[in-house]
Amino acid sequence: MPLRLTEIDRSLLAGEEGAAAASAMAILTAFAEAVGAESLLDISQAHIDGCLYHGRVSLDFVERLVGLKGRVCVPTTLNVGSLDLIHPELVAISEDDRAPARRLMRAHEELGCNPSFTCAPYQSLNRPRFGEQIAWGESNAIVFANSVIGARTNRYGDFIDLCCAMTGRAPAWGLHLKENRRGEVLFRLEGFRASLAPSDALFVAVGLIIGARCGDRVPVIEGLPQPRDEDQLKALGAAAASMGSTALFHVVGVTPEAASLSDAFHGGASHRVETIAPADIADALARLSSVPDGAEISAVCLGTPHFSSREWLRLLALLNEIEPRRAIPIYVNTARATLRSLDPEALGAVQERYSVIPVVDTCTYVTTILRDLGGAVMTNSGKWAHYAPANIGVRVAFGELEDCLASAAAGKIVRGPL
Amino acid sequence: VIRRARAYVAGDVEGEALALASPLSFWGGIEAESGRIIDASHPQCGMSLAGRILVMPCGRGSSSSSSVLAEAIRLGTAPCGIILASPDPILTVGAIVAHSLYDLDCPIVVCAIEGIASGDRVAIRTRADGKAEVEIEHAPLLPHAGEGINF
């Protein structure tokens with residue numbers, strides 16, 4: 001079936017809304033044909049993962065749209081770039097690399113994008129509603145929007161997310177359509193005690209397991225305890241999308257399209273049933289750490305995906321309970337909007353006792369921020385632990401937030417009660 | 001031999017085929033500066049795609065492959081054309097973007113790829129209606145043609 005275009009699509013393509021929109025529409029229709037879509041649909045907002053510099057083509061593409069006086073036509077947020085524009089001294093890169101990276105971020109702003117520079121736009125900015133059709137890039141943002149909110153997006157990426165934002169249209173295929181949101185693989189937690197606590201590590205481990213075993217199929221999880229908050233579902237989704245290409249998961253009794261097992265499978269049965277046992281959880285977590293307990297650490301990295309306000313409050317409260325002994329820096333990636341919303345006195349009080357370093361607009365695993373890589377780095381993020389060794393060449397230990405903070409105080413990896 | 005194909009990105013080119021036994025992610029799999037395959041797990045790691053007609057079953061991997069293909073086209077290290085057995089939106093976007101920015105062609109067509117071997121002379125010709133043809137002139141079979149993968 002060939003791609004059917006509406007009158008509005010054709011006028012966009014013909015340049016009646018400007019040359020920039022016409023150029024975006026030409027790319028979008030070629031993409032739609034390649035995915036086999038029969039038509040395009042309206043989107044209400046976009047999130048662009050285009051601010052990391054992949055070579056001159058990244059910048060040429062955006063500069064051309066700027067030169068053609070293009071503007072995004074739906075509310076559009078930006079994912080992280082390679083720089084912290086608020087605290088530029090944090091990122092150690094040469095001026096030759098800094099200039100195009102900064103220009104790439106600024107050029108997106110000139111197209112009318114919100115300079116949010118966060119991978120968690122769902123926390124502070126354009127949080128979509130259930131059922132809303134959106135075009136989002138960045139794997140954790142995509143899986144959160146689909147799974148935790150019930151908004152509808154495919155895994156958009158390079159160039160196409162921006163083409164959707166410039167035209168307000170997306171191909172009607174994949175997860176935009178209800179029939180493709182049905183669960184495909186059932187993951188059942190078995191062998192856990194009835195009082196299983198919703199620890200952060202449990203959610204990370206389940207994410208890693210479904211990502212590894214499921215590819216791009218839609219997993220349904222049964223037997224997870226009620227999460228403490230949506231940050232745990234954020235961590236699950238980010239881990240799944242790092243290990244595999246999960247764009248949507250359902251948790252029975254928790255996420256909005258899975259009030260019951262039957263709802264998650266749209267009344268049908270699952271093709272495949274997988275078991276997650278306590279040993280699988282322990283194994284998935286053990287694989288995240290490449291250094292033994294007791295090893296020296298040089299830093300703690302939190303906030304991948306970006307720390308929410310709720311996570312900040314938890315962090316500050318925990319730090320008030322621990323006596324610092326070593327000055328191990330604790331880097332916290334967060335959105336600039338989230339940082340602005342914090343009580344500066346509460347943050348300042350903790351910073352007198354601890355080296356808490358907020359990082360905005362970017363993330364400690366995509367750019368050169370950590371000063372001392374002599375020891376290992378501890379993190380509470382499955383995503384950070386998965387990517388950082390290859391990206392920035394560090395040895396990593398994964399732990400609960402409490403363990404990360406106790407380790408920062410001790411200067412070495414410690415686990416257990418504070 | 002002439003095969004009918006469907007064009008996803010237009011252009012007319014002729015070149016020597018490089019047939020890949022398994023799909024390749026351009027992101028993490030190709031070095032844009034040289035056009036070489038750098039994915040150590042790929043059986044044809046080390047070979048160069050530059051100026052060849054890439055033949056593979058389908059695309060694979062991250063959407064950042066669009067940027068890598070477009071950057072390679074800009075640098076002149078990309079394949080001169082791509083023949084796939086099933087359409088790939090990510091490579092399609094990379095080639096369209098490079099065409100619109102730099103007016104450089106890297107046609108992408110979909111057709112049956114059985115029987116196209118590395119070393120074959122291949123011509124891709126696309127038409128305005130989206131139809132295309134792929135003309136294959138088989139290379140003489142040499143026993144030491146190490147990189148030849150016959151489907």
Side-chain angles (χ1 to χ4, degrees), chain A residues 2-3 19-20 22-37 48-50 52-65 67-68 104 136-139 142 154-164 170-171 173-174 215-216 241-242 244-245 247 387 390-391, chain B residues 6-11 25-28 30-34 38-40 58-78 82 84 86-104 106-110 126 129-132:
Chain A
L3 180 65
S23 152
M25 195 63 178
I27 297 167
L28 189 60
T29 51
F31 177 82
E33 284 177 10
V35 299
I48 312 296
D49 188 11
L52 286 171
Y53 191 72
H54 287 299
R56 209 178 88 193
V57 68
S58 310
L59 189 51
D60 287 348
F61 180 69
V62 183
E63 290 286 22
R64 214 260 307 255
L65 295 173
L68 295 172
L104 187 60
W136 275 22
E138 210 286 322
S139 66
I142 293 162
N154 285 305
R155 296 172 63 234
Y156 292 107
D158 287 22
F159 311 122
I160 283 298
D161 47 14
L162 189 51
C163 292
C164 292
W173 114 105
D216 63 355
S242 306
S245 39
Y387 284 119
N391 276 11
Chain B
R6 162 104 200 263
Y8 285 88
V9 181
S25 167
F26 273 50
W27 187 75
I30 297 288
E31 182 183 61
E33 290 72 24
S34 66
I38 52 167
D39 175 354
C58 56
R60 202 194 115 208
S62 157
S63 65
S64 296
S65 291
S66 300
S67 290
V68 178
L69 174 60
E71 183 73 359
I73 295 172
R74 180 180 81 80
L75 293 169
T77 60
I82 299 176
L84 302 168
S86 57
D88 182 74
I90 290 168
L91 294 178
T92 299
V93 167
I96 297 265
V97 165
H99 175 78
S100 75
L101 287 178
Y102 310 117
D103 205 21
L104 295 171
C106 174
I108 298 183
V109 300
V110 169
T126 67
D129 63 1
K131 292 186 178 140

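Quick note on labels: first sequence line is chain A, next is B, and so on, each numbered from 1. As the structure is a prediction and not an experimental result, all values here were calculated from the model.
With chain B as the partner, the residue from D49(A), V35(A), V57(A) showing the most heavy-atom pairs under 4.5 Å is V57(A). The residue among S64(B), P87(B), G94(B) with the most heavy atom pairs within less than 4.5 Å of chain A is S64(B). Heavy-atom pairs under 4.5 Å with chain A peak, among I108(B), D88(B), V93(B), at V93(B). Contacts with chain A were tallied for V97(B), V68(B), I96(B); V97(B) has the most, counting heavy-atom pairs under 4.5 Å. Of the listed residues (S67(B), A32(B), S66(B)), the greatest number of heavy-atom pairs within a distance under 4.5 Å of chain A belongs to S67(B).
Under the 4.0 Å criterion applied to side-chain N and carboxylate O atoms, E33(A) and R6(B) are assigned as salt-bridge partners.
With sequence neighbours left out, S245(A) forms a side-chain hydrogen bond (donor to acceptor under 3.5 Å, both in side chains) with no residue at all.
Residue contact with chain A, scored on non-hydrogen atoms closer than 4.5 Å, involves the side chain of T92(B) exclusively. Contacts of R64(A) with chain B are made by side-chain atoms alone, with heavy-atom separations under 4.5 Å and no backbone atom involved.
Looking at heavy atoms from C-beta onward, Y8(B) lies in side-chain contact with V110(B) at the 4.5 angstrom threshold.
Below 30°, between 30° and 60°, or above 60°: for F31(A) and Y156(A) the angle between ring planes is between 30° and 60°, a tilted geometry.
Applying the salt bridge (charged side-chain N to carboxylate O under 4.0 Å, His left out) definition to pairs two or more places apart or across chains, those involving residues 61-74 of chain B are E71(B)-R74(B).
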The test is side-chain contact (heavy atoms from CB on, under 4.5 Å); show your working for F61(A) and C163(A) and say whether it passes.
CA-CA 11 Å; F61(A) 180 69; C163(A) 292; 4.1 Å; yes

